[in-house]
Amino acid sequence: MNFKYYIWVILLVSSAVLLCGGQTALAQESAAAAAIVPASGPLEVIFFWVLAIMIIGSALWIALTGSVVRMAVGLFFSFGGVALLFFLLQAYFLGVVQLIVYVGGILVLVVFGIMLTSSSPHVRYQVPRMELATTGLVSLLLFMVLGHVLYHAPWSTTGPQLPVSMNELGRGLLTDYLVPFELAGVVLLVVMVGAAYLARQEKR
Amino acid sequence: MFTAIGLTHYLLLAAMLFCIGLWVMASKRNAIGVLIGVELILNASNINLLAFARYSTGGMNGHLIALFVIVLAAAEAAIAIAIVVNLYKNFMSVDVDKAATMKN
Amino acid sequence: MINILGQVAEGQIWQPTLTELSYFAPELVLVATLLLLLIGPLIAGRGSGATLVMVVVGMVAAVVANLLVMNQVVTGPVSGLAPAAGHMLLVDNFSIFFKFFLLLFLLGVTVLWMVGSAATERNAPEFYILLLGSMLGMSLMVSTMNLLLMVMAIELASLPSYALVAFDKRNRPGAEAAIKYVIFGGTCAAIMMYGVSLLFGVFGTLDFTRIAPQLVEIFENLAQVPASKLALLGLALLAMGAGIAFKISAVPFHFWCPDVFQGAKIEVTTWLSVASKAAGLCLLLRLLQVLAGSAHASGHGFSAAFYLQVVTGVVAVVAAVTCLLGNLAAYRQQSVKRLLAYSSIAHAGYMLMLGAIVLTGDVTQLVWQTVVIYLVMYLLMNLGAFGATALVIGQTGSDQLENFTGLGRRAPALAAGLAICLFSLVGIPPLGGFIAKWWLLWALGQAAMQQMHWWLWALLLWASFNTLLSLFYYLRVIRQMYLVNDDRPGLKVPAGGVVLINVCALLLLLSGTLLVNPIRQKVGRYTDHIFGQSPASIVQVNQPQNISGNQLDGRSRERIDTQ
């Protein structure tokens, strides 16, 4: 069996399950209001839509293009858009971290990966049209159900909360989240050893 | 709907990113492409977390959890890229389908 | 409950006390060993011998630390180190048992490694850093009730495992297995994280002990809950389940298992076959246990909550299908590693059946007894079977079934040990595997009698039927060893490996005969307090008293007070 089909099967099964869930949701309620907080200024609205188009557009580009280099460029815009979105959500520290780690770290890693593994930068991995269309259709179906459920779910919205200061975050890291904080150090250490070992040239 | 932005907008944006991530993972042959799909999904969950922190419950906790998700994403990307490079050294290709020597 | 926000003088910061820290001594020792393995080679060199010394020192220290902690914790779990976010790290008898389990298994794998590849291994420190890292992750998977820490622990267990599978860098199947493992694992982890983020949105916390009562409440008042919220919860829980099912390799997330087991080095395969699956299972069982406890505490119990039965049903169906698929797919295999991989999938299915009955509430003690006994027996059986395979691979270079031909003549001691382990994997009477399976069937039967559910009887019959099915493919190996004969020369297997396998076989033999009663008593006593005083609800007894809560914001203060 082709390895690709594994993820496929999961996609199908999960969307079937979701479809059933979505149907019941549809039957019971149709008029649940979306949780919209009225107080959002015009600039916030404009920025949101611009960023949304940027993120989704570049993500779609990643899905459609066959060239790995273009995928990396799409990833740049997608990550960057998400970082700006974090600023919009008043998560300033997280926005900066997103820029540094994702755009400055992971993206560079991906580009290195591409350069180390292709004989020429223009190498293309074209997916057959048919396969692209069917997987896309299943994903669309999944999104319709997921979106439906998310749209109608009764979220408790307490209105915009105050932005979290870096001071609070730092205190949280060293009290409530001390264990994950320490654990993150161990994860990074072990991963560093593993990745360095795998990528290292063996001495003969 | 277009003039006021709320929690639902962010959640739907994240859901869309999640689905596109799944699409990328399902359709790409290239191991790095699949990895990019994973990163998109992790970004989607981060948008969720921060939107909840801003508009709903959670507050600081959402921020901190998102921070750890970013750490995990970085760690996973590092190890995945190393394994992809190792695959390339052995098969001279990063096509997941081509690396299929083991059979039932 | 107690308000744990003690008063701290202005300008002071909260620190865990020495007593609290001492509860986590085993983990700290493991991390220290990791660091020793990083720095030690600079002084002692990168040889296998020096590494082995460091690892053994670390392991002995961890065992001692675990013994000390075991003597301290008899009344209940402790959640030090994480004052307000409670249940980040738990220390109770179950997590202590699991740490012993992992350490014992690591010892076995180390012996295997010593016999098989220590002489030719040039990267021993890296190998053990990754192995210990994944071990730390697995032990944390079983010592937490917080979904964030759960995700992180699963990642800490998985990420080094990916690298371990590709450890033999020139081995093409290894590289291929690793890429499949990392893609599949990364996908499942990402989906799980998305589900967890949705759960966070619904409940505002990731502490499962606080999520579970709310879940039960939702389940009990279905009429008042909007359907979309139910759909959302189902979705989020399913997404979370994907990550856990990946670790257990339950259907439909089992695809990675045979390929990874075949492609990886045999020591790594052995390690993953027991440790990774056991950790995933124990994590799932612990979550279900908390859910069951909340249902029990709410007064309605299992039968009132229809949706709890749905959860149980899902687990039961997954367990049944996993069993059948593992047993059926094992038939066609020519590679013994692959055969054992499918056998381990089937065994994961058997153990998953316990997840189906843990929610019924009436048989909790029996379930946990079964968990402890089954895991220990499974460890011995798999260590023996994979160990024997490792020795054959070491001598003949391949794990194809034909290399086992006439093993009864070529290496009698090895073949005898392997045969006992295989018979035990089937569950033939006087062996440890039989005892484990007997306990499992007994627990299923008890649950069926008390709940009067037809599907529990069906599950019991299904488990017995699958045991029968599995008999034939294990017999294929045994037949190849004893009944098929050709003129292959005798094997010179290393004595250490044969001793390891025969120790496993002997223990299996003893635990099925002479030691049945002592085991029953010991396990019974142990599981009485496996979660502290009352297994139905997890309580915090040791509250850290001094936290700089006055600096925390109002929201988290409120959160803490509601504990």
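Numbers restart at 1 for each chain; the letters A, B, ... are given by sequence-line order, proteins then strands.
Donor-acceptor pairing under 3.5 Å is lacking for the side chains of C/D399 and C/T389.
Side-chain atoms of C/D168 do not come within 3.5 Å of backbone N or O of C/R170 as any donor-acceptor pair. No side-chain donor-acceptor contact under 3.5 Å links B/N61 to the backbone of C/T205.
Note: B/N48 leads B/N48, B/V94, B/N46 in heavy-atom pairs under 4.5 Å with chain C. Heavy-atom pairs under 4.5 Å with chain C peak, among B/L64, B/I83, B/L11, B/L49, at B/I83. Chain C forms more heavy-atom pairs under 4.5 Å with one residue of B/V69, B/L72, B/I41, B/I79 than with any other, namely B/L72. Heavy-atom pairs under 4.5 Å with chain C were tallied for B/I65, B/L42, B/V71, B/L35; the largest tally goes to B/I65.
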Check step by step if side-chain hydrogen bond (donor to acceptor under 3.5 Å, both in side chains) holds for C/D207 and C/T209.
CA-CA 6 Å; C/D207 183 355; C/T209 48; 2.6 Å; yes
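With a threshold of 4.5 angstrom between heavy atoms, C/E176 approaches chain B through its backbone and through its side chain. Within the 4.5 angstrom heavy-atom criterion, no atom of C/L156 approaches chain B. The parts of B/F91 that come within reach of chain C are both its backbone and its side chain, each placing non-hydrogen atoms under 4.5 angstrom from that chain. The parts of C/L159 that come within reach of chain B are both its backbone and its side chain, each placing non-hydrogen atoms under 4.5 angstrom from that chain.
Atom CD of C/E217 has 12 or fewer heavy atoms from other residues, nucleotides or ligands within 6.0 Å.
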